[in-house]
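Accompanying notes for the structure given below.
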Protein chains: 2
Amino acid sequence: MRMSTKAQYAVRALVSLNLDNGGLPISIKVISERENISLNYLEQLFVKLRRGGIVNSIRGPGGGYVLARPAADIRMDQIVDTVEEAMMPLSCMNTDGSCGCGTACATQLVWHGLGQQIKNFLTSITLEELTNDCRRQLKNQVVNS
Amino acid sequence: MRMSTKAQYAVRALVSLNLDNGGLPISIKVISERENISLNYLEQLFVKLRRGGIVNSIRGPGGGYVLARPAADIRMDQIVDTVEEAMMPLSCMNTDGSCGCGTACATQLVWHGLGQQIKNFLTSITLEELTNDCRRQLKNQVVNS
DNA sequence: AAAATAATTGACAGAAATAGTCGGGTATGA
DNA sequence: TCATACCCGACTATTTCTGTCAATTATTTT
């Protein structure tokens, strides 16, 4: 059971994007340096995020990316779905969607239920909340130093 | 986000093992045919399951595998943990466990929380429950045919 | 208009994990 | 002693993940 780095990077990058809002677009070059993620790899992710309607791009000098809607309206599951193709490509499914098990198969129910749990959890968290958590952490770091 | 076929096969195989209990051991050859899973691959899984204390093996003719304890005492998370090495090898962790993020990183909290959710879910289901679900399904199939 | 900036795109490559195979070995009951 | 069935390690193929490179297109500033 694992979550791809794609999803992890995408979330981090979006938090970073939302963190420092003067309303101005931020280039992925900046995010790449700040988050220590390969520039070219980030590009790929942002292409998907743009197509998925999570961010808008602004070209030319001074350009970059901005959120396509308020951070409070962007949920974790949307980010993950956009960046990874299939969440839980699952089970004893044949390519046609039928069950390839020899015996009747109750285990499908389990994986399906698990998928729902994950989905529910990710749906319950917005980018705004996540960013606020991050702001709190940053503040604590300053206080402690 | 995906669950390996290892985990899926292991669960199916164990349900199959528990389903047909005359108290007699069942060979993986039978399970392999019944569940349509490669024999040699199943062997690998059962080696792990045995080492993990989920099943016991009985060698020689008429031998096979039996559950090492009552199905009601075998939980899904134990099966998955036994058969996959690392559940959620996670995050922006460096190899030493520290956080490799440039900025303070709240996203770790999310993945950690997600891991807990998954764990909780899998912990809440026993092999016995799963097998009963399967028995119900089989009964319905007979009625409908 | 030209130059500079920055997004856009697609092709490609290396590494790692996964899935599955093969062949021989060992214990055991009939 | 023979057939059965587990035991084990090495090997291979495939896929997915992660990341790189190069060329292009669009936009703004000068």
Side-chain angles (χ1 to χ4, degrees), chain A residues 1-10 12-13 17 24-33 35-52 54-66 68 80 83-93 95 100, chain B residues 1-10 12-13 17 24-52 54-68 80 83-93 95 100:
Chain A
M1 186 96 242
R2 54 194 286 273
M3 181 63 73
S4 67
T5 63
K6 268 183 195 162
Q8 300 177 31
Y9 285 173
R12 275 170 60 198
L17 190 61
L24 296 173
I26 304 179
S27 72
I28 50 177
K29 191 177 174 191
V30 170
I31 293 179
S32 149
E33 283 162 2
E35 295 294 331
N36 203 25
I37 301 172
S38 148
L39 176 64
N40 304 80
Y41 196 44
L42 260 189
E43 278 180 352
Q44 286 182 29
L45 297 183
F46 272 87
V47 167
K48 291 189 178 187
L49 290 172
R50 184 175 55 79
R51 289 188 185 144
I54 311 273
V55 299
N56 288 329
S57 67
I58 294 152
R59 301 174 83 147
Y65 286 93
V66 293
V80 174
V83 141
E84 296 186 326
E85 309 63 35
M87 191 133 141
M88 293 291 260
L90 173 58
S91 222
C92 46
M93 295 285 187
T95 45
Chain B
M1 189 94 241
R2 56 194 284 272
M3 182 64 72
S4 67
T5 62
K6 268 184 194 162
Q8 299 177 32
Y9 286 173
R12 275 169 60 198
L17 190 61
L24 296 173
I26 304 179
S27 72
I28 51 178
K29 192 177 173 194
V30 170
I31 293 179
S32 150
E33 283 162 4
R34 201 152 60 184
E35 296 295 331
N36 204 24
I37 302 172
S38 145
L39 177 66
N40 304 79
Y41 198 42
L42 258 190
E43 276 182 353
Q44 285 182 28
L45 297 182
F46 271 87
V47 167
K48 291 190 178 185
L49 290 172
R50 185 176 54 79
R51 289 185 185 146
I54 310 273
V55 298
N56 287 330
S57 67
I58 294 153
R59 302 175 83 148
Y65 287 94
V66 293
L67 295 180
V80 174
V83 139
E84 296 185 326
E85 308 61 38
M87 192 132 141
M88 291 291 260
L90 173 58
S91 222
C92 47
M93 296 285 187
T95 45

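Predicted, not measured: the structure shown is a model, and the values here were computed from it. Naming convention: chains lettered A, B, ... in sequence-line order (proteins, then strands); numbering from 1 in each chain.
Going from atom CD of A:Glu84 over to atom P of D:dT15 covers 19 Å, rounded to whole Å. A:Lys48 places its NZ atom 14 Å from the C1' atom of C:dT9, with the value rounded to the nearest Å. Atoms CD1 (B:Ile28) and P (D:dC7) sit 8 Å apart, rounded to a whole Å. Atom C1' of nucleotide D:dT4 and atom CD1 of B:Ile26 are separated by 16 Å, given to the nearest angstrom. Between B:Leu45 atom CG and C:dT18 atom P the separation is 13 Å, expressed in whole Å.
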message: The test is side-chain contact (heavy atoms from CB on, under 4.5 Å); show your working for A:Leu49 and A:Val83 and say whether it passes.
response: CA-CA 7 Å; A:Leu49 290 172; A:Val83 141; 3.9 Å; yes
Take A:Ile37 and A:Ile31 through the test side-chain contact (heavy atoms from CB on, under 4.5 Å) and record every step on the way to the result. CA-CA 8 Å; A:Ile37 301 172; A:Ile31 293 179; 5.8 Å; no
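For the OP1/OP2 pair of C:dA6 and a distance below 4.0 Å, the side-chain nitrogens and oxygens of A:Ser57 include no atom meeting the criterion. Side-chain N/O atoms of A:Arg51 include none lying less than 4.0 angstrom from OP1 or OP2 on C:dA7.
Heavy-atom minimum distance, B:Val80 versus B:Ala7: CG2-CB, 4.3 Å. A pairwise comparison of heavy atoms in A:Pro25 and A:Gly63 identifies CB-C, 4.0 Å as the closest pair.
A donor-acceptor pair under 3.5 Å is absent between the side-chain atoms of A:Ser57 and the main chain of A:Tyr65, judged by distance alone.
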The contact string for nucleotides 18-30 of chain D, one letter per nucleotide 5' to 3', using protein heavy atoms under 4.0 Å with B, S and - for base, sugar-phosphate only and none, comes out as BBBB---BSBB--
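The CD atom of B:Glu84 sits 9.0 Å away from the NZ atom of B:Lys48 when rounded to the nearest 0.5 Å.
Across all strands shown, B:Tyr65 has heavy atoms under 4.0 Å from sugar-phosphate atoms exclusively, and none from any base.
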